[in-house]
**Q** 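Got a structure here, written out as structure tokens. Questions coming.
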Amino acid sequence: MMTTFRLQKIWAMKEKEKQAALGEYEAAVRKFEQAAETLYRLLKEKERGEAARDEQLRAGLPIGAIRHMLHYLANMERTIDHYQLVVMQAREQMQRRQRRLVELNIEAKKYEKMHERAQQWAKQLEKEAERRFFDEMAIQRFARQGEL
């Protein structure tokens with residue numbers, strides 16, 4: 001029974017590690033989703049800006065307005081490049097956290113299976129002890145009946 005207690009402590013520790021890794025993974029997923037949403041919003045904004053620029057060029061704009069629009073689009077491009085990097089890093093972080101979670105989940109399952117086997121073994125021993133007890137009782141009853 002002492003082995004089961006030790007197994008229980010280790011199993012509980014592995015479950016805590018798994019839960020912590022799950023929290024880290026969920027946080028990484030949220031970070032990735034936020035970065036991806038920001039990137040998407042920026043790409044849509046750039047698309048609208050380029051469409052507005054094209055429309056304004058057709059309508060004929062002063063040079064200063066064209067320069068301002070080109071500067072705005074260049075800044076937008078730099079921001080998009082930055083967020084593409086942020087999204088890539090967030091994806092990598094999320095994937096690392098996911099791999100770690102899978103590893104810890106496998107470890108926790110191993111201990112769960114060992115715990116189940118230990119319980120089955122203990123039940124089997126208990127049944128065998130009970131059977132021996134009843135066999136002994138039957139033998140004693142038979143022996144007493146033979147004495148009468």
**Q** Looking at CG of L22 and CZ of R97, how far apart are the two atoms once the value is rounded to the nearest 0.5 Å?
**A** 12.0 Å
**Q** If we ignore angles and hydrogens, is there a donor and acceptor under 3.5 Å between the side chains of R53 and Q56?
**A** no
**Q** Of Q98, R99, R100, which is the lone residue that meets side-chain contact (heavy atoms from CB on, under 4.5 Å) with R96?
**A** R99
**Q** For Y83, does the OH atom sit with more than 12 other heavy atoms under 6.0 Å from it, leaving out its own atoms?
**A** no
**Q** Applying a strict under-4.5 Å side-chain criterion to I, L, V, M, F, W and Y, I'd like to know whether L104 and V102 cluster together.
**A** no
**Q** Which distance, rounded to the nearest 0.5 Å, do you find between the OH of Y72 and the CD of E77?
**A** 12.0 Å
**Q** Working to the nearest 0.5 angstrom, can you tell me the gap between M69 CE and D54 CG?
**A** 9.5 Å
**Q** Distance from I80 atom CD1 to L39 atom CG, nearest 0.5 Å?
**A** 7.0 Å
**Q** Identify the residue among H71, E47, K46 that makes a side-chain contact (heavy atoms from CB on, under 4.5 Å) with M76.
**A** K46
**Q** Ignoring hydrogens, what is the shortest heavy-atom contact between G49 and L73? Give both atom names and the distance.
**A** C-CD2, 4.0 Å
**Q** May I have the step-by-step check of salt bridge (Lys or Arg N to Asp or Glu O under 4.0 Å) for E15 and K18, ending in yes or no?
**A** CA-CA 5 Å; E15 283 295 324; K18 182 179 84 170; 3.4 Å; yes
**Q** Return yes when atom CG of L125 has more than 12 non-hydrogen atoms of other residues, nucleotides or ligands closer than 6.0 Å, and no otherwise.
**A** yes
**Q** Please determine whether salt bridge (Lys or Arg N to Asp or Glu O under 4.0 Å) holds for the pair K109 and E112, giving the CA-CA distance in whole Å, both sets of side-chain angles, and the decisive distance to 0.1 Å.
**A** CA-CA 5 Å; K109 284 286 185 193; E112 183 179 350; 3.6 Å; yes
**Q** Looking at side-chain heavy atoms only, is the closest gap between K31 and Q93 below 4.5 Å?
**A** no
**Q** Regarding R48 and E45, does a basic nitrogen lie under 4.0 Å from an acidic carboxylate oxygen?
**A** no
**Q** Surrounding NE2 of H82 (heavy atoms of other residues, nucleotides or ligands, distance under 6.0 Å), is the total greater than 12?
**A** yes
**Q** Considering only NZ, NE, NH1 and NH2 on the basic side and carboxylate oxygens on the acidic side, decide whether K110 and E107 come within less than 4.0 Å.
**A** yes
**Q** Which atoms form the tightest heavy-atom contact between A28 and M94, and what is the distance?
**A** CB-CA, 3.8 Å
**Q** Can you tell me how far the CD1 atom of I139 sits from the CD atom of E136, to the nearest 0.5 Å?
**A** 5.5 Å
**Q** Please round to the nearest 0.5 Å and tell me the distance separating atom CD of Q120 and atom NZ of K113.
**A** 8.5 Å
**Q** L43 and F32: same hydrophobic cluster, using ILVMFWY side-chain contacts below 4.5 Å?
**A** yes
**Q** Give a yes or no on whether a salt bridge exists between R131 and E128, defined as a side-chain N under 4.0 angstrom from a carboxylate O.
**A** no
**Q** A35 and V86: which non-hydrogen atoms are nearest, and at how many Å?
**A** CB-CG1, 3.7 Å
**Q** Group every Ile, Leu, Val, Met, Phe, Trp and Tyr by side-chain heavy-atom contacts under 4.5 Å, then state whether Y25 and V87 land in the same group.
**A** yes
